[in-house]
Every structure is written in structure tokens, then in C-alpha cells.
Colleague: 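Can you read through this structure? Questions will come right after.
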Number of protein chains: 2
Amino acid sequence: MGQSVTIRDVARRAGVSRQTVSRVLNDSPRVDPSTRSRVEEAIRSLDYAPSAAARRLSTGRTWCVGVVVPFMTRPSVVTRLAGIELELASTEYDMLVYNVESPAHRDKRIHELSRSGRVDGLIIVSIPLHRYETERLRATGIPTVLLDSHSPTLPRIVCNDIQGGRLAARHLLDAGHEGISFIGDFPRSPWGFSSSRLRLWGLRREILSRGVSFRPELVALGDHSRDAARELARGLLRSRNRPTATVCASDTQAIGVLEAASALGLAVPDDLSVVGYDDIEAAEYLGLTTIHQPLGESGRQAVRMLLDEMAGPRLGPRRKDLPVELVVRRTTGSAPRDIADVDRSAGEAFDGVRT
Amino acid sequence: MGQSVTIRDVARRAGVSRQTVSRVLNDSPRVDPSTRSRVEEAIRSLDYAPSAAARRLSTGRTWCVGVVVPFMTRPSVVTRLAGIELELASTEYDMLVYNVESPAHRDKRIHELSRSGRVDGLIIVSIPLHRYETERLRATGIPTVLLDSHSPTLPRIVCNDIQGGRLAARHLLDAGHEGISFIGDFPRSPWGFSSSRLRLWGLRREILSRGVSFRPELVALGDHSRDAARELARGLLRSRNRPTATVCASDTQAIGVLEAASALGLAVPDDLSVVGYDDIEAAEYLGLTTIHQPLGESGRQAVRMLLDEMAGPRLGPRRKDLPVELVVRRTTGSAPRDIADVDRSAGEAFDGVRT
DNA sequence: CTGAAAGCGCTTACAG
DNA sequence: CTGAAAGCGCTTACAG
């Protein structure tokens, strides 16, 4: 079965002690060259591989990093995950992945993970922690980095959501839009995700800073899904004073908005401009204007920050903000001259009555 | 730092031996109820969590399953991965994920994984193994299940690719198509993926079994990407005797074909029918007719098969085929009456010359 | 440069 | 039902 060759067998074969074999294994300089080559020869001829379990117990390090993600199949999440994997692959660390499906499940996972000694460090993706969870983590002493969520005390990598909202608003305001709607996530979902809220906040600030009035009735929040966004958009777009542009909390939701526009006979971008968020792969082939986040890179940076934390505890909290950027494609354009005209002509198309 | 409470501390606190604590931890029935509750109380008051590393060394089991995937961000791959994670989450096993980016990298990963004792079992996704790799795996004795790839000896879960090709062909033949093209992956990529080849094989067999001639010049193979598929499609669709329908080895490639059709002014499905493969999320909102694979379910089944293997080696090879099904949406329709007409009218649109 | 001793924190038979 | 002994396969000081 292979697995039965131990360090003891190698030592016997090479005529040395187990410690010497261990030194060769760990590249210790305090080994005579000729001894070393004898040991290496023994390792080779016995096809020996050291036991990870034994090494872990004796060194007290697992050489594993745990990654906790919600909704791992979401394009933005899996891209982050791939970034984490890529960076870890260049180290000796392995990646344990836990997909959590509910807030309760999440709490349990994080708690048990932090205490079982299964991982040397933890990366928690997109999940804001309660204060008591943060405290529990500190108590266990396990190095932890948050990716895409905020915390007053834990080290974290965040993309600048407020800036993203501002960029989207600026782009639309420059094109003459004034009725800008926002479709995002429920404000008080049990997950407590904050990105949608922050993006809206940035959008609002930019609009107000331009002296344009912000219309709260154009904000519609729901599930983070295409279907929910489509229904919300349908409502907004049928209203008397409909928006000429919509900013979404994700590309997925933006796709729902495009569907709603299409169903209502509104042309994009002539009648309606749409801006997404994330720049997932689908955004490119749909020609969706969106806010690009450095998703893969954010994962890599989270790993680097975690490695730093594991090397030695830092004094204060650490936080790194990654920039986002606007990617203009084909779903945004100038505001319609006069929205009343648009509505009138849309009306004509339906009922042939001139008003 | 928390981690310093050991089984010894608990034993002392409860006034019993370490073995007794161990029995309580492992739900052994041979413990007196009152002793048990004393131990449980001690565990609680000391906030004790057993060391995974120690348990692993003494039991010889890691309680980890390794998953090796290529291109983890591909929608079809991540869906499989999520299925694996979901099934593992209902067990005590953790999931180690390795994303391999090149065939060389893959060989190294699989080899070292199988020998380091880091995992109790291995799931290898979409990667056909060389014979010598298969032999090496057997030699290590590590239970292994292949998901979405074939092997004469290893246990495996496969979706029926040949059947998928047949279903696509049948659907198109029923709609009157005769010039059916196929856009798939390079036949001899270093990865050795087989699904594209098998789907083409099924397509071909179905066409021939209907007495329709198969036109090899309508088969175009390239990189598994939207861009490559778009360029291949562009070539096919501009040829004199162009196809009226295209089957693709993936939805991603089908999207490239849709782009090519759009660029050439061909209406889908009036001028061209398109069938994808996988039924990823994008297929639904693009209205893409496709072959649905039970991606998540295939991951779950791979875990169950692996757990069986780990419970005890089976006598013979095991293989499970999962069914695929056709999902008809909006990219397929009847064959154009006379393709020459179509080409003529397209020509007119361009140059205004009547032929 | 090398080895004898001790230990990492559990579990597994073996007695009683 | 419970405990003393031994062991899992490494590494870490400590001598020499």
C-alpha cells in the first residue's frame, strides 16, 4: 500500500538516525554532504514520502488555509476563490473550501473551524462578522483576513464600493441623466452583506454633489438575483416618472434589468441606460457597461495579507482598499432628450392614440 | 491563545483518565452516564476542542478529500465543485481544492497528493489520466474517483456525452436540418479532454443512422473559448455551402457562435439554429437551446462513490452514467426552406445586385 | 555534523 | 465501565 514506509525505514537503510533524515527532509544545512546523498538515495529507493499528519502534529502547523465563502457558484465569488487558490499554489499551503448557505450555518462553520486546529489561517469572503464572532476569532488567536467585507478590527481587503457607486453616477450624470434608479440587495438580509448599500451610498453622494436631486422612489431592493431584479425593474420602468438610467448592485441584476427593458419595448441605451457591477464574463459579451472589480487580484492580496498575519501578529488593524474602474460598453448612452416624448411614442406604439 | 487546552486538562478536571475523555469524544457506549456528564461539563467549562492533527495521526485518517479540477472558474466546473462541497458538508470530511492550470502541473499535483497522506480520497474532475498515472494511483492505494472522464479501471461518474450528441442531432434533424456543423475542442490538446470528441461522435452516429450524409467539412475544432468558437463559426458561416445549424461542445462556445451569426447578419433561429452544451446559467437568459447535464448532481454522486470506495475496496471497476437531456429554448427552429434563398437575400442586402 | 531522549495530543488494544 | 501502557511518525532542543 506504499504508505507504510516511514522515516525509520529510511534511517535504517541509510545507516543514520531518524533525526538526520528529518534534517535532510527539511533542508537543514547541518548535514554532511555525503550523509545527505546517502539519505537521499535511501528516500529514492524506498519511494518514501513523509507523513503530513505526523509533521503537522509535531510542528503544530497544519499547512492548510481555510476559505469560507457564501454562494460559491456566483461568478464574482468563484473568481475571488480562484485568485486565492492561485496565490496559495505558489506556497506550501493547501486550501480548504467551505461553502456556507445560511447565516446560521456560517456561524457554526467559522466557530468550529477556528478552534479545531484544522487550519493555520482563515479567509472569510464577503461575510461581515458580528462583533461577538470577531471577538471569538481573536480569542482563538487564529489569523484571519476578511475579503470584501468590513470590520473595525480584523485585517481586510476591500474593493472601494463607494467609489464604484460614484463612478457609475458620474458616468450617467455626464451623459445628461437625472432620473437614475438603483437596483440592489435587501438592506437587512440576515447575511448582512454591505456592498450593495455602500454602492448606493456612493451613487447618492455623487448625485447630490452635482446638485441634482436624488429620488429615493427610484431605489428598489430585493433578492440578489436576476429574477428579482427583473421584477423590480419592471415596476420602476412602468411608473409615470420612470428613470432613464439604472445602476445595479451586480451584473447579474443588471441582466434582469435588460430583460425587463426588452419585455417593455424599451431600447437600451436609447430609452434606458444600464450599469452593472463586477464585470463578470457575461458582461463582456452582453456589452454591459459596468464597474470592474479586481476580483482575482483581491483574492491574491488576501492570501498575502494572511501570510503576513501568520508570520507575526501586527500591532494595529490593517486594511487595504483596491480600486475599481468604470468599463463603458454598449448599455449606456445619452439621456433621452425629453422623457415625456419617449413615453408618448411608446404609448403610440401600443394604442395608436396621439395625445 | 485557546489552543492550549488538551485532553489531559479535561481528564484532570473531570477526575478521569484521558482514555475516558476520548471515549466521550467518540461517542463510545462504554461510558457510565454520570462519568460522561462530568466529562462533558469539563469540556464545556474549559472550552475544549480536540486537536485535529493528533486525531489524524493516531487514527491514520485525515478526514480530508482532495479535489483536483482544471479551470475552476468555468461555470460547468464550479457547479460540479459546489455539488461535491454540498455532499461533503453533510459528512465529517473537509474539501481540499487544487486548481491545475497545465497538464504538467496536473501530473505533479496528483502524484504528490496521492502520496503525502494529506487526503483520504481523491476526486479528479474532467481530467483523463494516462495509464501510468492510473497505475501510480493504484500503487499508493488511495481511493480515487474520476468525475467526467473515462478510465478502464478507476471508479468514475460520467455524463453520457454520446447520448448528448445524439439528442442534439435528433432535435435538429427533426426540424429538417441537414447541414449540421459542430464546433468543439482541439482533438489532441495536451489535456486530453474527451467530452467534445464523444459528443461529436454521438452527433455523427445519429446523423448517419438517419440516412443523412455527414459532412466532415462542417466540423471545426479549436480552443474551448468563446473567442475561438466565434472565429471558427465565422469561417463556416461564410462558406458557400454553409450549415443551417450548429452544435457546440459547450454553452460558452455556443455564445461565440451567436456572436458570429449576429455579426454576419444571420438571424437565429430563422437562418441558423444553435445548440449548446452544459446548460449553464447564461444559457437560460440567452434563450439558448442546449443539452442539460446534471452538473451538481454529478459532484454529489462522485462523493458518494468515493465514500463507498473508502469504506472498502471494491472487486471490480465501477462506473455510473448520468443521463443528459435536451432543453429547447429559442435558438433552434425549422431549417430554412432553401438555403440558397437565404444566401441570395443576404447578398442583396449587401450589394443590391440581383443574381 | 550526528544521535539519544522527549514530546506533539490523540487512539487503540489490553487488562481488570 | 475504566485506566496503565504503547504507539501513530514526525520534530525539537540538548548533548557530544
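Numbered from 1 within each chain, the chains take letters A, B, ... in sequence-line order.
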Colleague: Check whether any side-chain N or O of T35(A) sits under 4.0 Å from OP1 or OP2 of dT2(C), and answer yes or no.
Modeller: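 For T35(A), the contact criterion (side-chain N or O under 4.0 Å from OP1 or OP2 of dT2(C)) is met.
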
Colleague: Rounded to whole angstroms, how far apart are CD1 on I7(B) and P on dG3(D)?
Modeller: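 Computing the I7(B):CD1 to dG3(D):P distance gives 12 Å.
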
Colleague: Would you say Y48(B) reaches dC10(C)'s phosphate, i.e. side-chain N/O to OP1/OP2 under 4.0 Å?
Modeller: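 Yes, Y48(B) has a side-chain N/O under 4.0 Å of OP1/OP2 on dC10(C).
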
Colleague: Can you confirm whether the side chains of S34(B) and D32(B) place a donor and an acceptor under 3.5 Å from each other?
Modeller: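 Yes, a side-chain donor-acceptor pair sits under 3.5 Å.
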
Colleague: Take the protein atom CG of L46(B) and the nucleotide atom C1' of dG9(C), then report the distance between them rounded to whole Å.
Modeller: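 In whole Å, dG9(C) C1' and L46(B) CG are 15 Å from each other.
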
Colleague: How many whole angstroms separate atom CZ of R8(A) from atom C1' of dC8(D)?
Modeller: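 In whole Å, dC8(D) C1' and R8(A) CZ are 11 Å from each other.
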
Colleague: Would you give the length of the straight line joining atom OH of Y48(B) to atom CG of L25(B), rounded to the nearest 0.5 angstrom?
Modeller: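 Here the interatomic distance stands at 5.0 Å.
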
Colleague: Check every atom of dC10(C), dG9(D), dC1(C) against the side chain of R30(A) and return the nucleotide holding the closest atom.
Modeller: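 Between dC10(C), dG9(D), dC1(C), the one nearest the side chain of R30(A) would be dC1(C).
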
Colleague: CG of N26(B) versus C1' of dT11(C): gap in Å, rounded?
Modeller: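 My rounded result for the distance is 8 Å.
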
Colleague: Quick one: is dT2(C) close enough that its OP1 or OP2 comes under 4.0 Å of any side-chain N or O from T20(A)?
Modeller: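 Checking T20(A) against dT2(C): no side-chain N or O falls below 4.0 Å of OP1 or OP2.
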
Colleague: Return the minimal non-hydrogen interatomic distance between R106(A) and H130(A), and the atom names on each side.
Modeller: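 Looking at all heavy atoms of both residues, the closest pair is NH2-NE2, 3.3 Å.
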
Colleague: Counting only side-chain N and O atoms of S51(A), is one of them less than 4.0 Å from OP1 or OP2 of dC10(D)?
Modeller: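 Negative; the distance criterion is not met.
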
Colleague: Is DNA chain C part of any stem, that is, at least 3 consecutive Watson-Crick or G-U pairs with both distances under 3.5 Å, and where?
Modeller: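 Result, WC/G-U stems under 3.5 Å: C:1-3 with D:14-16, C:5-12 with D:5-12, C:14-16 with D:1-3.
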
Colleague: Return yes if a side-chain donor-acceptor contact under 3.5 Å exists between R115(A) and T140(A), otherwise no.
Modeller: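 The answer is no; no qualifying pair exists.
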
Colleague: Any sub-3.5 Å donor-acceptor pair from E87(A)'s side-chain atoms to V303(A)'s backbone N or O?
Modeller: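 Here the side-chain-to-backbone pair does not exist.
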
Colleague: May I have the list of side-chain donor-acceptor pairs in residues 63-73 of chain A shorter than 3.5 Å, sequence neighbours left out?
Modeller:
none

Colleague: To the side chain of D32(B), which of dT2(C), dT2(D), dT11(C) is closest?
Modeller: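 Of the options given, the side chain of D32(B) lies nearest dT2(D).
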
Colleague: Output the distance between atom OG (S102(B)) and atom NZ (K108(B)), rounded to the nearest 0.5 Å.
Modeller: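 The NZ atom of K108(B) is 9.5 Å from OG of S102(B), to the nearest 0.5 Å.
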
Colleague: Out of dT2(C), dT12(C), dG9(C), which nucleotide sits closest to the side chain of T59(B)?
Modeller: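 Of the candidates, dT12(C) comes closest.
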
Colleague: Mind calculating the distance between CZ (R61(A)) and C1' (dT11(D)) to the nearest angstrom?
Modeller: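 Nearest whole value for this atom pair: 14 Å.
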
Colleague: Please find the pair of heavy atoms, one from L146(A) and one from L129(A), that lie closest to each other, and give the distance.
Modeller: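 So the two residues come closest at CD1-CD2, 4.1 Å.
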
Colleague: Starting at atom CD of Q19(B), determine the distance to atom C1' of dG16(C), rounded to an integer number of angstrom.
Modeller: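 For the pair Q19(B) CD and dG16(C) C1', the rounded distance is 13 Å.
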
Colleague: For R18(A) and I7(A), work out which heavy atoms get closest and say how close.
Modeller: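 Of all heavy-atom pairs spanning R18(A) and I7(A), the closest is O-CD1, 3.6 Å.
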
Colleague: S58(B) has a side chain; which of dT11(C), dT2(D), dT12(D) sits nearest to it?
Modeller: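 That would be dT11(C).
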
Colleague: Send over the distance from R56(A) CZ to dT12(D) P, rounded to a whole Å.
Modeller: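 So the two atoms are 15 Å apart, to the nearest Å.
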
Colleague: L57(B) CG to dT11(D) C1': how many Å, rounded?
Modeller: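 Distance, rounded to whole Å: 12 Å.
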
Colleague: Describe the nucleic acid contact of R23(B) in one word from base, sugar-phosphate, nothing, applying a heavy-atom distance below 4.0 Å.
Modeller: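 Base contact.
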
Colleague: In residues 9-18 of chain A, what residues come within less than 4.0 Å of DNA chain D, judged by heavy atoms?
Modeller: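 R18(A), in order of number.
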
Colleague: Could you work out which one of dT11(D), dT2(D), dG9(D) sits closest to the side chain of L25(A)?
Modeller: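 Of all the options, the side chain of L25(A) is nearest to dT11(D).
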
Colleague: State, without any angle test, whether S114(B) and R136(B) hold a side-chain donor-acceptor pair at a distance under 3.5 Å.
Modeller: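 Distance-only check fails for S114(B) and R136(B).
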
